[in-house]
Number of protein chains: 2
Amino acid sequence: MPDDLTRHVDAETALAGAPPGHKDELRLWLRLLTCTTLVEAEIRRRLRREFDTTLPRFDLLAQLERAPAGLTLGEVSRRMMVSNGNVTGLAARLEEEGLIERRVSPTDRRAQTLRLTARGRREFARQSRAHEGWIAELMAGLAPAERAALHALLGRAKASVRAGLEGGEA
Amino acid sequence: MPDDLTRHVDAETALAGAPPGHKDELRLWLRLLTCTTLVEAEIRRRLRREFDTTLPRFDLLAQLERAPAGLTLGEVSRRMMVSNGNVTGLAARLEEEGLIERRVSPTDRRAQTLRLTARGRREFARQSRAHEGWIAELMAGLAPAERAALHALLGRAKASVRAGLEGGEA
DNA sequence: CACGAATGCTTGAAACCTAAACTATTTAGC
DNA sequence: GCTAAATAGTTTAGGTTTCAAGCATTCGTG
């Protein structure tokens, strides 16, 4: 029998006794993490079941779809916020399946440009349509005004986090 | 049935008339994901540098800290929202380092209870103090009222996602 | 032009993570 | 009591992920 991750108990459960003082921020972070994890797990599950693929593969294709001129491995790495070694392996698998192609840059022999193949574009279009619907479905319990407010507050949160990143101050 | 029929758009018309239309939800999700990823990456980085440990290890210790009576592997798996096979390996490493101990349940010979050792408790206390400060630091750019509003909206989002999970309706 | 620094990518080791198959034990129904 | 189903954990195979080290190429500066 497969594992059932849906039947979980929150990470934000206990944590009631609070001596120090930053428990508020911690609770906020745990709730943020819970939301993301819930959505992510569900999307992974559906991607696997419906398209026999994984989230990182989908994400890489999505990056290339948005950049018709192609992206270098380094650019993909930065946009996906993962290590470059990670992208190397991911791209290798996708290339082997004929979903993307790589071409050495004519101006810089170190760099390679990744591009969707026709098949990759077709395949991603199918996945993307479904994906968009899934997200809408999961967010359907929020009123449009709530979604807008949440979006704005997350923008503020993003700015706050960026400001607190190490090296960001320098 | 709605009071004002002229202003009512049912699901069919909405689907028929629009190209896709769920870009809002998608943007919201991507921003949520970005926030979480940013924080998570930074916490991972600091845990590694300051304590030479990883986020999943920290999370497992945190679960046990909150449950002084101990937890079975399955309970940990559900609370951390990861597979049970995952917890097996994680717990094995932590036990080998003497941070946690496992004991077969006296009432159920299948189950094992995990507990922090004295050393594990000491070590986690150090990490936890730092971790709490890091989160507060990253969230420092949000006013208390913003944090409260965000927390509430994320609660709504969590409920929405839960309602949309497969099998959750059954 | 030379050469040290920076950049783009790959590789290797180790950890993480999942889904699925498996073993052992307990529970429920008859 | 017996047996089928459910439950607790482990194992296996394969993808994901990081960090650190390494190679090749380009750039900046003298």
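A, B, ... follow the sequence lines: proteins, then strands. Residue 1 opens every chain.
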Point to revise | Partners meeting side-chain hydrogen bond (donor to acceptor under 3.5 Å, both in side chains) with A/Gln63 (sequence neighbours left out) | key: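 Per chain and number, A/Gln63 pairs via side-chain hydrogen bond (donor to acceptor under 3.5 Å, both in side chains) with no residue.
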Review point. Who passes side-chain hydrogen bond (donor to acceptor under 3.5 Å, both in side chains) against B/Thr53, sequence neighbours left out?
Key: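 Here the qualifying residues are B/Arg57.
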**Study point:** Interatomic spacing from CD1 in A/Ile100 to OG1 in A/Thr113 - rounded to 0.5 Å
**Key:**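 Rounded to the nearest 0.5 Å, the CD1-OG1 separation comes out at 11.5 Å.
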Practice item. Quick one: pull up CG in B/Leu33 and CG in A/Leu55 and give me the separation to the nearest 0.5 Å. Key: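 Going from the CG atom of B/Leu33 to the CG atom of A/Leu55 covers 7.5 Å.
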Remember a base hit wins even if backbone is also touched, and classify [X] as base, sugar-phosphate or nothing at under 4.0 Å, heavy atoms.
{"X": "A/Thr72", "result": "sugar-phosphate"}
{"X": "A/Leu55", "result": "nothing"}
{"X": "A/Ser105", "result": "nothing"}
{"X": "A/Arg48", "result": "sugar-phosphate"}

Point to revise | Short side-chain N/O contact from B/Thr54 to OP1 or OP2 of C/dC16, under 4.0 Å | key: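 The answer is yes; a side-chain N or O of B/Thr54 sits under 4.0 Å from OP1 or OP2.
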Please state how far atom [atom1] in [X] lies from atom [atom2] in [N], giving the value in whole angstrom units.
{"X": "A/Met81", "N": "D/dT16", "atom1": "CE", "atom2": "P", "answer": "18 Å"}
{"X": "A/Leu114", "N": "C/dC9", "atom1": "CG", "atom2": "C1'", "answer": "11 Å"}
{"X": "A/Leu90", "N": "D/dT17", "atom1": "CG", "atom2": "P", "answer": "7 Å"}
{"X": "B/Asp59", "N": "C/dA15", "atom1": "CG", "atom2": "C1'", "answer": "15 Å"}
{"X": "B/Arg103", "N": "D/dG9", "atom1": "CZ", "atom2": "C1'", "answer": "18 Å"}
{"X": "A/Leu60", "N": "D/dG15", "atom1": "CG", "atom2": "C1'", "answer": "14 Å"}
{"X": "B/Phe58", "N": "D/dT18", "atom1": "CZ", "atom2": "P", "answer": "20 Å"}
{"X": "B/Arg45", "N": "C/dA15", "atom1": "CZ", "atom2": "P", "answer": "21 Å"}

Point to revise | B/Glu132 vs B/Ile135 side-chain heavy atoms within contact, under 4.5 Å | key: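 B/Glu132 does not reach B/Ile135 side chain to side chain.
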Point to revise | Heavy-atom side-chain proximity of B/Thr88 to B/Asn84 below 4.5 angstrom | key: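 No; the side chains remain at least 4.5 Å from each other.
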**Study point:** Contacts of type ring pair (Phe, Tyr, Trp, His ring centres under 6.0 Å), residue A/His151, not counting sequence neighbours
**Key:**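 Per chain and number, A/His151 pairs via ring pair (Phe, Tyr, Trp, His ring centres under 6.0 Å) with no residue.
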Exercise for review: Just jot down the side-chain contact (heavy atoms from CB on, under 4.5 Å) partners of A/Glu101, sequence neighbours excluded, or say none.
Suggested key: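 With neighbours one apart ignored, the set is A/Arg103, A/Arg115, A/Thr117.
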Point to revise | For A/Ser105, side-chain contact (heavy atoms from CB on, under 4.5 Å) partners two or more places apart | key: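 A/Thr107, A/Asp108, A/Ala111.
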Review point. Can you list every ring-ring contact (aromatic ring centres under 6.0 Å, His included) pair that touches residues 71-117 of chain B, not counting sequence neighbours?
Key: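 Every pair satisfying ring-ring contact (aromatic ring centres under 6.0 Å, His included) with a residue in residues 71-117 of chain B: there are none.
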**Study point:** Of all pairs that satisfy ring-ring contact (aromatic ring centres under 6.0 Å, His included), the ones with a partner from residues 53-100 of chain A, not counting sequence neighbours
**Key:**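 Every pair satisfying ring-ring contact (aromatic ring centres under 6.0 Å, His included) with a residue in residues 53-100 of chain A: A/Phe58-A/Phe124, A/Phe58-A/His131.
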Identify each atom pair where a protein N or O and an N or O of nucleotides 10-12 of chain C are less than 3.5 Å apart, giving names and distance.
unit_1: C/dT10; atom_1: OP1; unit_2: A/Arg102; atom_2: NH2; d: 2.8
unit_1: C/dT10; atom_1: OP1; unit_2: A/Gln112; atom_2: NE2; d: 3.4
unit_1: C/dT10; atom_1: OP2; unit_2: A/Thr88; atom_2: OG1; d: 2.8

Practice item. Starting from the first five and the last five pairs of the helix from C/dC1-D/dG30 to C/dC30-D/dG1, work out the angle between the resulting helix axes, to 10 degrees. Key: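 One end's axis against the other's: 30°.
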Show which side-chain atoms of residues 72-81 of chain A pair as donor or acceptor with protein atoms under 3.5 Å away, not counting sequence neighbours.
unit_1: A/Thr72; atom_1: OG1; unit_2: A/Glu75; atom_2: N; d: 3.2
unit_1: A/Glu75; atom_1: OE1; unit_2: A/Thr72; atom_2: N; d: 2.9
unit_1: A/Ser77; atom_1: OG; unit_2: A/Val82; atom_2: O; d: 2.8

Review point. Salt bridge (charged side-chain N to carboxylate O under 4.0 Å, His left out) between B/Glu42 and B/Arg45: does it pass, once the steps are laid out?
Key: CA-CA 5 Å; B/Glu42 183 71 7; B/Arg45 200 158 25 236; 2.7 Å; yes
Check your understanding: Quick one, which residues of residues 91-101 of chain A touch DNA chain C with a heavy atom under 4.0 Å?
Key ->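 Result for residues 91-101 of chain A: none.
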Check your understanding: Should A/Leu71 and A/Val104 be counted in the same cluster of Ile, Leu, Val, Met, Phe, Trp and Tyr side chains packed under 4.5 Å apart?
Key ->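 Not linked; separate clusters.
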Protein-nucleotides 24-27 of chain D N/O pairs closer than 3.5 Å?
unit_1: D/dT25; atom_1: O2; unit_2: A/Arg110; atom_2: NH1; d: 3.1
unit_1: D/dT26; atom_1: OP1; unit_2: A/Arg109; atom_2: N; d: 3.0
unit_1: D/dT26; atom_1: OP2; unit_2: A/Arg109; atom_2: NH2; d: 3.4

